[in-house]
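Okay, structure first, notes after.
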Amino acid sequence: MLKPRDPAARSRLGWLLLTLALLLPTLPLTQFTLSTLFNGDTWLSLARFAAGFLPPAHDGDFLKEVIRETAVTLAVASAGLVLAMLLGAPLAFATSRALDDHQLTAAVPRRAVFATQSLLRGLMVWLRGVPDIVWALLFVRAAGLGSLPAVLALGLAYGGMLGKVYAEILESQPRAPAQALAATGASRWQRLCWALWPQALPELISYSVYRWECAIRASAVMGFVGAGGIGQLLDSSLKMLNGGEVGTLLLVFLLLVGLSEGVSRWSRRALERDGGGRRLLLAVGALAAFSLCWLWPDWRANGFDWRGLPRFAMEFLPPDFSPATLGQLGQGVVETLAMSALGTVLAALLAMPLALPAAGRLGVAAKSATRLLLNMLRGIPDLLWAALAVLALGLGPAAGVLALAMHTAGVLGRLFAETLENAPPQAEQALLHAGAGRAAAFCYGPLPMVASQWLAYTLYRWENNIRIATVLGIVGAGGLGQQLYLALSLFQQQAAAAIILAMVALSWGVEQLSRALRRRLG
């Protein structure tokens, strides 16, 4: 008796072969070879490298310094977020279409208003298009070391993000109350306060708390460019090859990530209670005041040459678009895209087998161990993974590929496991009762149901990884970031301006492509 053929087998094989064909050019572009993954000597050297982190350093003086710089990191994240909110909220108010007269009434749009909004939206694209670590690097080079450049960097980069997302949140609210107020002649401010603000407040607060969680991760690595915090301690320890100190600081990184996730969960629960939003806003105000008090002595001691900023900015004009620079930019963009694509695919291939035990399919012990591993992989920031990969593999884009693969595997592994846990079990159970093996029941039961979600998550992470890959080169992991760091080190500011413009253009292009894909799929 002939066994029935899988009708989708040919289609799956075709897509697999096409994906492999598209990925093959990324191997020479990133200098990443498959032997790196399957060579036992490579993993042995990585294991020896990691073993150098044990035992973690616990010297009293060093721990005091760690505690002090950890407090600086938390204060920088809090002060930077407050600055971002002070910048992003007015931008959202000015640009949100949910408050426009011509959107709510039959009024004719005014050209001056339209031109101003277009200009402000372009400003937000620029602010969020330059990565926060690049803003920090520029401020450090322009005005000096310390935590103030990190606060300013977070304020500008996250201000652009918050302005865009706040405006979108306002636009997603029901428009009937705002239209009713507009019909009575209410001002733009009155429409916001009495129509949209009460509806949007929980979502606005929730997203702001999420951004604070992201700001902690960002501020923790800004020390790699001299912007203070535990990242600066880690950079010094890595350069001195002090594995014990690196081990201690890695544990602190993981604790910070756990703290931020815990605060995020607490804030979401607080929003569900009566008066929770008010208490949360008071907590944010208190945290901001404490952060400024903690950072102020450091700012006074280090100083900040505000007068140097205009002079430094003028050195970037005009950007260098000579043929030689454009050729290097093209190579950097291609290298960055190749790093992000190969790193994302390797992460997905690693996350798939890890998702099975993480979803509890191999027992409770395997689930706990795998979840811990995934938390460690995603808890260590991608820039830190890149710094460690450079030490293990050397300078170049291969280190960037490994860094993206390790960090993204932790993110995708958790997401993949959650989709498996949420998948309906009836199809798999029916196949098992019919006599199918566990592997066949999984492949023809839950796997087809979660495959589209896994693909969507992978594409979303690739979008993020393109942005991340632009800055990994700051620690020597190739791409546009390495070109930027080299140009600034050689005082080639006009070439650096062209590289930054390429970063902004790449970020904007990815954002537009992602939006178009979401509209098409939606």
Side-chain angles (χ1 to χ4, degrees), residues 49-50 52-53 56-57 59 61-77 80 131-154 215-257 295 298 302 379-396 399-400 402-404 406-407 468 470-479 481-489:
F49 177 70
F53 301 159
D59 176 72
D61 292 336
F62 176 69
L63 290 180
K64 288 180 182 178
E65 193 173 5
V66 169
I67 293 172
R68 183 173 61 252
E69 294 303 326
T70 301
V72 169
T73 297
L74 291 171
V76 164
D132 45 43
I133 191 76
V134 174
W135 279 119
L137 176 61
L138 293 175
F139 281 122
V140 165
R141 294 298 176 90
L145 301 170
S147 58
L148 185 54
V151 172
L152 295 175
L154 287 173
I216 291 179
R217 291 188 177 95
S219 62
V221 297
M222 285 190 178
F224 280 105
V225 296
I230 59 174
Q232 197 157 330
L233 275 183
L234 182 61
D235 186 44
S236 300
S237 299
L238 286 171
K239 289 177 179 176
M240 298 294 292
L241 299 178
N242 192 324
E245 291 184 358
V246 173
T248 299
L249 292 167
L250 288 177
L251 290 175
V252 173
F253 269 92
L254 295 175
L255 289 174
L256 279 177
V257 171
L295 295 172
D298 175 64
N302 288 337
I380 298 176
D382 34 57
L383 196 68
L384 177 51
W385 271 121
L388 297 174
V390 165
L391 289 177
L393 300 181
L395 296 171
L402 183 60
L404 289 173
M406 300 299 283
H407 178 76
I468 294 169
T470 62
V471 300
L472 293 184
I474 288 177
V475 294
Q482 191 163 335
Q483 292 183 357
L484 176 64
Y485 194 80
L486 181 61
L488 290 174
S489 300

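A distance of 6.0 Å separates CG in L388 from CG in L238, rounded to the nearest 0.5 Å. The CG atom of L251 sits 11.0 Å away from atom CG of L256, with the distance rounded to the nearest 0.5 Å. With values rounded to the nearest 0.5 angstrom, T70 atom OG1 is found 9.0 Å from F253 atom CZ. Distance check: T470 OG1 to Q483 CD gives 11.5 Å after rounding to the nearest 0.5 Å. The CG atom of L249 sits 9.0 Å away from the CG atom of N242 when rounded to the nearest 0.5 Å. Atoms CD1 and CZ, on I474 and F224 in that order, are 11.0 Å from each other to the nearest 0.5 Å.
The heavy-atom pair separating L472 from A386 by the smallest distance is CD2-CB, 3.8 Å. Between G247 and P56 the shortest heavy-atom distance is C-CB, 4.2 Å. Contact detail for A399 and A389: the closest heavy-atom pair is O-CB, 3.4 Å. Annotation for I133 and V221: closest pair CD1-O, 3.9 Å, computed over non-hydrogen atoms. For the residue pair A477 and V390, the shortest heavy atom distance occurs at N-CG2, 4.1 Å. For the pair E245 and S237, the tightest heavy-atom approach, listed with the atom from each and the gap, is OE1-OG, 2.8 Å.
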When the side chains of residues 143-154 are checked against the rest of the protein, which donor-acceptor pairs come out under 3.5 Å, sequence neighbours left out?
| unit_1 | atom_1 | unit_2 | atom_2 | d |
| --- | --- | --- | --- | --- |
| S147 | OG | D298 | OD2 | 2.9 |
| S147 | OG | W299 | NE1 | 2.9 |

Would you give me the side-chain donor-acceptor pairs under 3.5 Å for residues 226-236, sequence neighbours excluded?
| unit_1 | atom_1 | unit_2 | atom_2 | d |
| --- | --- | --- | --- | --- |
| Q232 | OE1 | G228 | N | 2.7 |
| D235 | OD2 | K239 | NZ | 3.2 |
| S236 | OG | Q232 | O | 3.1 |

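Under the side chain to side chain contact (heavy atoms under 4.5 Å, CB included) test applied with V76, the options L74, T73, V72 reduce to a single match, V72.
Counting heavy atoms from C-beta outward, T248 and F62 have side chains that approach closer than 4.5 Å.
Judged by distance alone, the side chain of H407 and the main-chain N or O of I380 form a donor-acceptor pair under 3.5 Å.
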Would you please test M222 and D132 for side-chain contact (heavy atoms from CB on, under 4.5 Å) and show each step?
CA-CA 9 Å; M222 285 190 178; D132 45 43; 3.7 Å; yes
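Looking at residues two or more places apart in sequence or on another chain, you find a side chain to side chain contact (heavy atoms under 4.5 Å, CB included) between R141 and L137, F312, Y485, L488, S489.
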